[in-house]
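Scroll down for the structure; my scribbles are underneath it.
It should be emphasised that the depicted structure is a prediction, and the values quoted were computed from it without experimental measurement. By convention in this document, chain letters (A, B, ...) are assigned in the order of the sequence lines, proteins followed by strands, and residues within each chain are numbered from 1.
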4 protein chains.
Amino acid sequence: MLAKRLPAPERRRQIAAAALEILATDGVRGLTARAIAERVGVKDGSLFRHFASKEAIVDAAIDAFEELMGETFPDPAGDPLRALSELFQRRVALARARPELLRLALSDRLTEVAGAEGAARVKAVVERSVTFVREQLTLARRQGRVRDDVPVEILVWTVTGVLRGAAGASHAPSLRKRAARFDPAAAWRALELLLTTRTDGSNDKTH
Amino acid sequence: MLAKRLPAPERRRQIAAAALEILATDGVRGLTARAIAERVGVKDGSLFRHFASKEAIVDAAIDAFEELMGETFPDPAGDPLRALSELFQRRVALARARPELLRLALSDRLTEVAGAEGAARVKAVVERSVTFVREQLTLARRQGRVRDDVPVEILVWTVTGVLRGAAGASHAPSLRKRAARFDPAAAWRALELLLTTRTDGSNDKTH
Amino acid sequence: MLAKRLPAPERRRQIAAAALEILATDGVRGLTARAIAERVGVKDGSLFRHFASKEAIVDAAIDAFEELMGETFPDPAGDPLRALSELFQRRVALARARPELLRLALSDRLTEVAGAEGAARVKAVVERSVTFVREQLTLARRQGRVRDDVPVEILVWTVTGVLRGAAGASHAPSLRKRAARFDPAAAWRALELLLTTRTDGSNDKTH
Amino acid sequence: MLAKRLPAPERRRQIAAAALEILATDGVRGLTARAIAERVGVKDGSLFRHFASKEAIVDAAIDAFEELMGETFPDPAGDPLRALSELFQRRVALARARPELLRLALSDRLTEVAGAEGAARVKAVVERSVTFVREQLTLARRQGRVRDDVPVEILVWTVTGVLRGAAGASHAPSLRKRAARFDPAAAWRALELLLTTRTDGSNDKTH
DNA sequence: AATGAATGAGGATTCATTCAT
DNA sequence: GATGAATGAATCCTCATTCAT
């Protein structure tokens with residue numbers, strides 16, 4: 001029962017993609033050579049004709065991950081709020097299209113299965129997002145378009161928090177009910193309000 | 001070289017705690033019977049005198065996790081913003097005191113190693129936090145103390161996002177530099193500014 | 001079907017001994033964890049409760065080899081020809097008692113399966129024999145009891161050659177016919193004749 | 001990146017030679033289809049266009065080995081001591097020219113990787129040498145040119161021992177120091193002295 | 001004649017778990 | 001209550017070999 005022969009580069013891509021998906025759905029311990037091979041339709045030993053080791057497979061998976069995440073970064077030149085908005089929309093769209101990626105980005109599964117070098121790369125991808133957000137926020141603030149009564153870092157956490165929530169809401173079946181009519185554009189508008197509107201905080205704390 | 005004999009309930013607690021720590025520091029694949037036993041100072045076979053299976057150990061670990069997280073919930077009666085503030089402070093304090101717990105709460109390692117029932121309990125713990133936040137926010141909004149120009153869910157994500165950031169900043173060595181003078185109280189004040197009702201729309205977006 | 005439980009040190013010895021024998025009889029590729037385990041009467045995985053790796057098993061086997069070979073070295077003090085004679089007798093006796101050891105000493109199987117450190121130890125054992133022979137011969141020569149018309153090294157090779165032959169003859173079934181009445185004592189006497197000082201040159205070459 | 005197409009017989013020779021060298025340098029476990037193919041500059045699958053199996057490759061390697069060793073046998077007619085001398089010189093020369101062959105002849109690697117039939121052939125090659133030596137010695141003894149106070153077999157072992165030593169010394173880098181001015185001709189002269197000079201053994205043992 | 005993708009049968013090793021002592 | 005020796009199933013990986021292209 002031979003598997004269909006496939007050109008090596010394509011097989012490699014398949015294998016890396018399969019690893020990514022399995023990791024997202026079945027977790028660290030589910031990511032076995034056997035499982036990957038099965039999903040691809042070959043025998044486990046055959047994987048090692050294409051990759052030197054499981055770690056190498058994970059590295060390739062991280063390549064794919066890096067690329068997909070990288071594509072969601074908008075042009076950093078231009079209007080910073082627009083840049084943030086675009087990042088937001090694209091990330092939500094990505095979460096909808098490839099929910100596994102989201103899980104991977106939010107969990108540390110990739111870091112767990114990767115070797116030191118791969119783990120560093122995953123971390124870099126995540127940090128790049130945070131840095132991007134921080135930079136755009138700082139820029140926007142200099143333009144007076146983002147509130148300055150709150151430290152940037154807090155705003156960064158706000159953005160990443162809402163992004164995380166929106167991405168989760170956009171695909172998580174269990175959350176679908178609550179966020180049934182979840183609309184990413186509306187979410188962004190709300191987030192923008194948070195970032196830009198200056199509140200006076202006058203009527204809050206009682207203490 | 002026999003390990004000190006310990007009353008069973010105490011050993012159980014030890015084992016569960018050890019599992020929790022190992023899971024946090026070494027990850028899913030680091031959580032082996034051997035590793036747990038070693039940390040407790042016992043031989044691996046002995047674990048199974050106290051627990052029927054590794055899954056049972058994880059279940060007990062989840063008990064501990066549940067309890068520790070549960071303790072951070074403030075009295076839900078009373079001032080909702082105060083309740084949120086307290087949850088915030090306590091969580092940050094917990095993150096500082098027991099950084100592993102934070103990692104566990106933010107990663108899905110526990111869910112990964114738990115059986116179905118355990119996973120559900122972990123999920124419940126996390127959801128309970130979100131629900132708590134949502135409820136307090138809703139209450140506060142009814143009191144007119146939280147802005148209503150933004151859907152509650154967005155505010156929920158804001159709170160959880162900032163909480164996550166603050167908790168991370170409060171312990172992560174790598175982040176310590178940036179958040180060197182990180183002050184949870186200040187973080188909460190900033191968060192509160194974000195949440196509370198604005199009085200005018202003067203500081204509006206430009207486009 | 002559980003194997004008989006044995007105290008660990010004894011099992012270790014068994015395993016090392018089994019490895020030595022398998023290597024001698026079945027060769028490098030025959031030395032599998034499975035083969036060792038089978039011979040000892042346990043399952044292969046169990047080997048690794050006693051040794052960290054196959055290499056560690058081989059190391060222990062080399063320990064045994066070293067010890068057995070070491071025991072054949074006579075007291076180097078005293079009459080050098082007597083020392084050589086004793087080494088000779090003991091080696092032949094060892095070859096008869098434990099033919100596998102001989103094979104191992106003469107082949108390089110042990111070196112092949114050992115790690116770098118183990119290989120060095122095996123080499124040292126072999127070299128120690130040669131050195132011992134050389135030293136005793138040199139001593140004897142100084143006493144005028146060994147011929148000096150021939151370089152010592154040639155005499156060393158003579159001794160090792162005859163030893164090798166005698167040891168082989170003493171056990172190899174195929175050679176038994178020829179050396180049917182093979183007598184180690186007689187072999188040594190003959191060897192001694194070869195080594196000792198000639199008195200005259202009467203029986204010289206003809207050409 | 002196709003390898004140069006070569007006529008089949010030439011490729012076969014290449015492959016057999018490569019196998020021989022790898023076996024000598026890397027040992028039994030180093031002799032993999034991949035290693036052979038690599039050395040030849042071909043992909044591993046291609047080996048099996050030329051040989052039915054790895055065993056067949058080894059058989060061909062043994063052919064080559066047989067031939068090379070066979071070439072060192074001098075004309076058995078004529079002066080027996082001269083014949084021995086020539087064998088000696090040629091073997092030492094071969095050891096110098098092709099050290100791998102020596103290793104193979106002295107180790108039993110070839111026997112290990114060969115099938116039953118091949119192993120028998122290797123054994124025959126070795127035995128042929130011994131037989132040759134024995135025959136020439138017997139002849140020479142009948143002519144009164146070799147000492148008769150020592151059994152022939154002992155002399156055979158002497159010759160093979162010195163040959164082995166000389167061959168080893170002639171190439172082994174580590175031994176080069178000791179045998180720095182190692183001179184095969186001198187070695188043979190010394191050996192001849194051993195074989196021909198009659199000692200009386202009068203002044204040896206003290207016991 | 002050679003490649004390139006695949007396999008199946010192992011090989012070493014890990015690990016949760018059992019149970020006699 | 002704890003140990004210490006064992007297992008069986010699974011894991012990653014290697015290797016000789018096959019065969020369509």
Inspect the contact between Glu38(A) and Lys43(A) and indicate whether a charged nitrogen and a carboxylate oxygen are less than 4.0 angstrom apart. no
Hey, are Arg49(A) and Asp44(D) close enough for a salt bridge, meaning a charged N less than 4.0 Å from a carboxylate O? yes
Is there any side-chain hydrogen bond (donor to acceptor under 3.5 Å, both in side chains) pair reaching into residues 3-12 of chain C, and which pairs are they, with sequence neighbours excluded? Arg11(C)-Gln14(C)
In whole angstroms, the gap separating P of dC15(F) from NZ of Lys43(D) amounts to 17 Å
In Å, rounded to the nearest 0.5 Å, how long is the span from OG of Ser107(B) to CG of Leu102(B)? 10.0 Å
With sequence neighbours excluded, tell me which residues meet side-chain hydrogen bond (donor to acceptor under 3.5 Å, both in side chains) with Arg39(D). Glu21(D)
Between the protein and nucleotides 12-15 of chain E, which nitrogen or oxygen pairs are less than 3.5 angstrom apart?
from    : atom 1 : to       : atom 2 : distance (Å)
dA12(E) : OP1    : Ala33(C) : N      : 3.3
dA12(E) : OP1    : Lys54(C) : NZ     : 3.0
dA12(E) : OP2    : Ala33(C) : N      : 2.8
dT13(E) : OP2    : Lys54(C) : N      : 2.6

Please report, rounded to the nearest Å, how far the P atom of dA2(E) is from the CD atom of Glu38(D). 17 Å
What residues from residues 4-17 of chain B pass a heavy-atom cutoff of under 4.0 Å to DNA chain F? Lys4(B), Arg5(B), Leu6(B), Ala8(B), Arg11(B)
Side chains of Ile22(A) and Glu100(A): does their closest heavy-atom pair fall under 4.5 Å? no
Once you round it to whole Å, what is the distance between P of dT11(F) and CD1 of Ile36(A)? 11 Å
Paired stems touching DNA chain F, three or more consecutive Watson-Crick or G-U pairs with both distances under 3.5 Å? E:2-21 with F:2-21
Glu67(A), CD: over 12 other non-hydrogen atoms inside 6.0 angstrom: no
Going by side chain to side chain contact (heavy atoms under 4.5 Å, CB included), name the residues that satisfy it together with Arg121(D), two or more places apart in sequence or in a different chain. Asp59(D), Ile62(D), Asp63(D), Glu66(D), Glu117(D)
Which sits closer to the 5' end of DNA chain E, Leu47(D) or His50(A), going by the nucleotide each is nearest to? Leu47(D)
Checking Leu104(B), Val58(B), Leu23(B) against Phe65(B) for side-chain contact (heavy atoms from CB on, under 4.5 Å), the one that qualifies is Leu104(B)
Step by step, would you call Val42(A) with Leu6(A) a side-chain contact (heavy atoms from CB on, under 4.5 Å)? CA-CA 11 Å; Val42(A) 298; Leu6(A) 238 51; over 6 Å; no
